[in-house]
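Please read through the structure below; I'll follow up with questions.
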Amino acid sequence: MLVGLQIVATIVLALAVDHNGWVWFQGGDQIWLSTQGWLLGQLELPPTELGYLWSYALTPIMWITGPTYVQALPPLVVLQVLVLGPVALLCIYDLASRIGGRLLGYWASLLWAIAPFASIPLFVDRYQERFGEQFLPQALGLTAMSDYPSMVLVLASAVFVARSLDAARVTDAVLAGLLLGAAAAVKPPNLLMGVGAALAYLVARRWRNGIAFGVAIVPSLLVLVFWKERGLGGIPALGLEETHLAVGAATTAVSVDLDQYLDFDLDHWLQQMDYMREFFFSARVAQWAPIAGLIAVLRVRRGAIASLLAGWLAAFLVVKGFSPRADIQANSFWRLLMPAWPAYLLLFAAIPLLVPTLAHRLGDRLRAPSSAPVTRRWLVVVAVLTVVVPATAMAVSSPLEGPSRALTQDDAGNFILTSVDESVELRVERVPDGNRLTWNDGPWHAGVFYRVYRSEGDDFECENTDGHPAQSCYFFGTLLESVRERELLDAGAPPGTTYRIGVGTNWVDDPAFGDVFAFSPPAVAAG
């Protein structure tokens, strides 16, 4: 019943907020991730700026739908709402029931199903649109971004950490590690949940299980290193510096640069708390609720699970919440902290356990339901899907060369790997008034607009990588005009001009906003 409630509520919100066909607000790397997934399906390795696992998950879909996220959205949204959504709810039930039995499991599951929607009126009117229209579609799996599946993987890993606090359940600890490694392969910061897991094993004194958990993460990290090395030629956090000595010799030193990942800014955090007071009905409730929930979990003697939830939430708050990238006013705060929201909700759900004598009256109903340990068969399945298959695909893929399949566009300093879609065929005809451009439409599932670019000669410049690592070809075409129609007359244009069409869209179908999600192959005007 709760699964059905969650699905129906998500569908109602999806239909109620502004959207353009199957395109809801997308606030991140959906174009790069989908282009990456399409290239991987062609056994071509792109520049590996982002994690790999979500793009590999997109690959089978994009074999069928085509090279853009707009084409892949219908099956992708259905998959996330009907599969990942129920999985997340069942994980919440499992974790909550290990704190306070089935009753708390049902209560936490109900909160999980309704909290996204019940939260909207808790914000002031001028912020409700930003939260409900621009954040919730990302939080409910209505986009092609990796944040939602990333959160589900972290949550599933936490479930098996909690199950493995029993000494006899080493296989559960291994599965928890494999799942967290998979989450890191989607987005490396997801490893922060490991802080909570480490604390839980420490408090429970389950050294053997904790070691098994940590070891199981390693294969995914090794594949991630391989991914970065093949696509970028190195790991961004580890830079190679050449140091010249006084005698004229040179030596190479390894420098560790974590500033782009760890940016602890206390003033920024205080500013965000000011925004919380400005936009939310009670900042104090939001700040103190998880502390009250932590006390409640400790009160029913679930110290290890309390450590798991507290460490999980605190690690994300410190590393992500204190970063200047997490901004409540800009609406990025909620998305960057998404992997920790399950921990917050579980602590919030536990607050009723603070009611005097309630825990005593519940008695045995606080006891967690029993479950069978994970069999080794499932460990093999997960390891193959998250480690072996991606690593094999990387090994047999060739680094991307040239601009024929993808171009990197510069959107005000934000570089986006964008597919070149051969289904968008551009034709240029020389007429007395200039060049007449016509092109065909693609199989889009949303309203689109077209940005027409032109240049004298080539409209791109490629890095010289000598075949290793993957090559980035940067697009430098000049925007001529944005149009809805599939034709344009470029009056007075000289012969030999190169043209290219960029197809764009956004959730409000406004040509003034949104990014180009696909380029056509170039077409040159006759001489």
Note to self: Closer than 3.5 angstrom, by distance alone: can the side chain of Asp490 be matched with the main-chain N or O of Ala493 as a donor-acceptor pair?
What the structure shows: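 The answer is no, because no donor-acceptor pair under 3.5 Å joins these two groups.
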
Margin query: As an exercise, state the distance from CD of Gln71 to CD1 of Ile64, rounded to the nearest 0.5 Å.
Written below: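 If we round to the nearest 0.5 Å, Gln71:CD and Ile64:CD1 are 12.5 Å apart.
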
Check: How are the rings of Tyr474 and Phe415 set to each other: parallel, tilted or perpendicular (split at 30° and 60°)?
Finding: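 Rings of Tyr474 and Phe415: perpendicular, over 60°.
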
Item checked: Summary of salt bridge (charged side-chain N to carboxylate O under 4.0 Å, His left out) pairs that have at least one residue in residues 54-72, sequence neighbours excluded ->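 Output for this query is empty, none listed.
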
Check: Hey, what do you get for CD1 (Ile92) to CG (Leu155), rounding to the nearest 0.5 Å?
Finding: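 Taking CD1 in Ile92 and CG in Leu155, the distance rounds to 5.0 Å.
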
Next item on the list: Using atom types as modelled and distance alone, determine if a side-chain donor or acceptor of Gln471 lies under 3.5 Å from a backbone N or O of Glu463.
Entry: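 Looks like yes, one N/O pair under 3.5 Å.
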
Next item on the list: Kindly state whether the ring of Phe123 and the ring of Phe280 have centres lying under 6.0 angstrom apart.
Entry: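 Yes.
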
Notebook entry, point to check: Got a second to check how far Glu429's CD is from Arg427's CZ, nearest 0.5 Å?
Noted result: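 Those atoms lie 10.5 Å apart.
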
Next item on the list: Please identify each residue that fulfils side chain to side chain donor-acceptor pair (under 3.5 Å) with Asn435, with sequence neighbours left out.
Entry: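 Result, side chain to side chain donor-acceptor pair (under 3.5 Å) vs Asn435: Arg430, Tyr499.
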
Checklist line | Rounded distance [0.5 Å steps], CG in Leu33 versus CD1 in Ile416 | finding: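 Nearest 0.5 Å value for the CG-CD1 distance: 11.5 Å.
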
Next item on the list: Any pair with a residue in residues 476-489 that passes side chain to side chain donor-acceptor pair (under 3.5 Å), sequence neighbours left out, goes on the list, sorted by first then second residue, please.
Entry: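 Output for this query lists Arg436-Glu487, Arg484-Asp509.
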
Check: Do the side chains of Phe226 and Thr48 get nearer than 4.5 Å, heavy atoms only?
Finding: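 Side chain of Thr48 against side chain of Phe226, heavy atoms only: no contact under 4.5 Å found.
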
Next item on the list: Could you walk me through whether Phe25 and Gln138 pass side-chain contact (heavy atoms from CB on, under 4.5 Å), step by step?
Entry: CA-CA 8 Å; Phe25 180 86; Gln138 302 172 75; 3.4 Å; yes

Note to self: I need the minimum non-hydrogen distance between Leu313 and Pro290, along with the two atoms involved.
What the structure shows: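 Shortest heavy-atom separation between Leu313 and Pro290 comes out as CD2-CB, 3.9 Å.
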
Next item on the list: Run the numbers on Phe475 and Thr418 for side-chain contact (heavy atoms from CB on, under 4.5 Å), then give the verdict.
Entry: CA-CA 10 Å; Phe475 177 68; Thr418 310; over 6 Å; no

Notebook entry, point to check: Can you check whether Pro511's main-chain N or O pairs, donor with acceptor, with Arg451's side chain at less than 3.5 Å?
Noted result: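 Yes.
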
Next item on the list: Please identify each residue that fulfils ring-ring contact (aromatic ring centres under 6.0 Å, His included) with Trp32, with sequence neighbours left out.
Entry: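 Trp32 satisfies ring-ring contact (aromatic ring centres under 6.0 Å, His included) with no other residue.
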
Check: Just by distance, do the side chain of Gln36 and the backbone of Pro46 share a donor-acceptor pair under 3.5 Å?
Finding: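 Side chain of Gln36 to backbone of Pro46: no pair is present.
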
Note to self: I'd like to know if the side chain of Arg230 and the backbone of Ser397 have a donor-acceptor N/O pair within less than 3.5 Å.
What the structure shows: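 Side chain of Arg230 to backbone of Ser397, a donor-acceptor pair under 3.5 Å: yes, one is there.
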
Check: Are the side chains of Leu266 and Phe322 in touch, meaning some heavy atoms are under 4.5 Å apart?
Finding: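 The answer is yes; the side chains approach within 4.5 Å.
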
Note to self: For Asp459, give me all partners under salt bridge (Lys or Arg N to Asp or Glu O under 4.0 Å), at least two apart in sequence or on another chain.
What the structure shows: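 Checked Asp459 against salt bridge (Lys or Arg N to Asp or Glu O under 4.0 Å); matches are Arg500.
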
Notebook entry, point to check: Within the distance-only criterion (no hydrogens, no angle test), does the side chain of Ser323 pair as donor or acceptor with the backbone N or O of Val319 below 3.5 angstrom?
Noted result: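 Not at all, since once roles are kept as given, no pair shorter than 3.5 Å links the two residues.
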
Check: Are side-chain heavy atoms of Phe517 and Val448 found at a separation under 4.5 Å?
Finding: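 They are in side-chain contact.
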
Next item on the list: Step by step, work out the side-chain contact (heavy atoms from CB on, under 4.5 Å) result for Ile217 and Leu191.
Entry: CA-CA 9 Å; Ile217 298 173; Leu191 286 172; 3.9 Å; yes

Checklist line | salt bridge (charged side-chain N to carboxylate O under 4.0 Å, His left out) pairs, two or more places apart, involving residues 326-337 | finding: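 Sorted result for residues 326-337: Asp147-Arg335.
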
Checklist line | Residue pair Tyr450 / Val424, side-chain heavy-atom distance below 4.5 Å | finding: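 In short, these two side chains do not touch, never coming nearer than 4.5 Å.
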
Margin query: The criterion is side chain to side chain donor-acceptor pair (under 3.5 Å); which residues satisfy it with Thr143, sequence neighbours excluded?
Written below: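 Listed in chain order: nothing, the list is empty.
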
Next item on the list: For Trp341, check side chain to side chain donor-acceptor pair (under 3.5 Å) against everything at least two apart and list the hits.
Entry: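 With neighbours one apart ignored, the set is empty.
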
Margin query: Does any part of the side chain of Leu140, heavy atoms only, come nearer than 4.5 Å to the side chain of Val81, both counted from C-beta?
Written below: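 In short, these two side chains do not touch, never coming nearer than 4.5 Å.
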
Check: Which residues satisfy the disulfide bond (SG atoms under 2.5 Å apart) test with Cys91, sequence neighbours excluded?
Finding: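 So Cys91 forms no disulfide bond (SG atoms under 2.5 Å apart) with any residue.
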
Next item on the list: Determine the minimum heavy-atom distance between Ala470 and Leu45, stating which atoms define it.
Entry: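 Reported closest heavy-atom pair: CB-O, 3.1 Å.
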
Note to self: Main chain of Tyr69, side chain of Trp38: is a donor-acceptor contact present, judged purely on distance under 3.5 Å?
What the structure shows: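 The answer is no, because no donor-acceptor pair under 3.5 Å joins these two groups.
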
Checklist line | Residue pair Ala518 / Thr68: nearest heavy atoms and the distance that separates them | finding: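 Minimum heavy-atom contact is CB-CG2, 3.7 Å.
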
Check: Can you tell me if Thr505 and Asn20 form a side-chain donor-acceptor pair at under 3.5 Å?
Finding: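 There is such a pair (donor and acceptor under 3.5 Å, judged by atom type) between the side chains of Thr505 and Asn20.
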
Checklist line | Qualifying side chain to side chain donor-acceptor pair (under 3.5 Å) pairs with a residue from residues 5-16, counting only residues at least two apart or across chains | finding: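 Those involving residues 5-16 are Gln6-Trp112.
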
Checklist line | All ring-ring contact (aromatic ring centres under 6.0 Å, His included) counterparts of Phe333, not counting sequence neighbours | finding: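 Here no residue qualifies.
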
Notebook entry, point to check: For Asp421 and Ser423, does a side-chain donor sit closer than 3.5 Å to a side-chain acceptor?
Noted result: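 Yes.
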
Notebook entry, point to check: Between the main-chain N or O of Asp510 and the side-chain N or O of Asn506, is there a donor-acceptor pair closer than 3.5 Å?
Noted result: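 Here the side-chain-to-backbone pair exists.
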
Check: Looking at Phe131 versus Phe279, is the centre-to-centre ring distance below 6.0 Å?
Finding: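 Here the rings of Phe279 and Phe131 have centres that are no less than 6.0 Å from each other.
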
Item checked: Side chain to side chain, Ser150 and Trp54, heavy atoms closer than 4.5 Å ->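 Heavy-atom side-chain distance check fails, nothing below 4.5 Å.
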
Margin query: If you apply the rule side-chain contact (heavy atoms from CB on, under 4.5 Å), what do you find for Trp227 with Leu50, and how did you get there?
Written below: CA-CA 10 Å; Trp227 166 256; Leu50 305 179; over 6 Å; no

Next item on the list: Identify the two heavy atoms, one from Phe316 and one from Met193, that lie closest to each other, and give their separation to 0.1 Å.
Entry: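 Where Phe316 meets Met193 most closely, the heavy atoms are CE1-N, 3.7 Å.
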
Check: Hey, does Trp334 have a side-chain heavy atom less than 4.5 Å from the side chain of Gln134?
Finding: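 No, side chains not in contact.
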
Item checked: Least distance between heavy atoms, Lys320 atom then Ala326 atom ->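 Heavy atoms only, the tightest pair is O-CB, 3.2 Å.
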
Next item on the list: Please confirm whether the backbone N or O of Ser419 pairs with a side-chain atom of Thr35, one donor and one acceptor, at under 3.5 Å?
Entry: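 Between the backbone of Ser419 and the side chain of Thr35 there is a qualifying donor-acceptor contact (under 3.5 Å).
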
Next item on the list: Provide the closest heavy-atom pair for Pro75 versus Ile61 in the form atom of the first, atom of the second, distance.
Entry: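 Heavy atoms of Pro75 and Ile61 come nearest at CG-CG2, 3.8 Å.
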
Check: Hey, does Tyr127 have a side-chain heavy atom less than 4.5 Å from the side chain of Ile328?
Finding: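 Sidechains of Tyr127 and Ile328: in contact.
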
Notebook entry, point to check: How many angstroms lie between atom OG1 of Thr438 and atom CG of Leu489, to the nearest 0.5 angstrom?
Noted result: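 Reported value, rounded in 0.5 Å steps: 11.5 Å.
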
Check: If you count the non-hydrogen atoms of other residues, nucleotides and ligands that lie under 6.0 Å from CZ in Phe513, is the total more than 12?
Finding: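 Count not over threshold, so no.
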
Next item on the list: Look only at the side chain of Tyr148 and the backbone of Pro137, and say whether a donor-acceptor pair between them is shorter than 3.5 Å.
Entry: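 Checked: no pair found.
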
Next item on the list: Please list all pairs passing the salt bridge (charged side-chain N to carboxylate O under 4.0 Å, His left out) test where one or both residues lie in residues 123-146, with sequence neighbours left out.
Entry: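 Counting only pairs at least two positions apart or across chains, the salt bridge (charged side-chain N to carboxylate O under 4.0 Å, His left out) contacts touching residues 123-146 are Arg126-Glu278.
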
Notebook entry, point to check: About how many Å separate CG of Asn190 and CG of Leu179, when rounded to the nearest 0.5 Å?
Noted result: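 Reported to 0.5 Å precision, the distance equals 12.0 Å.
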
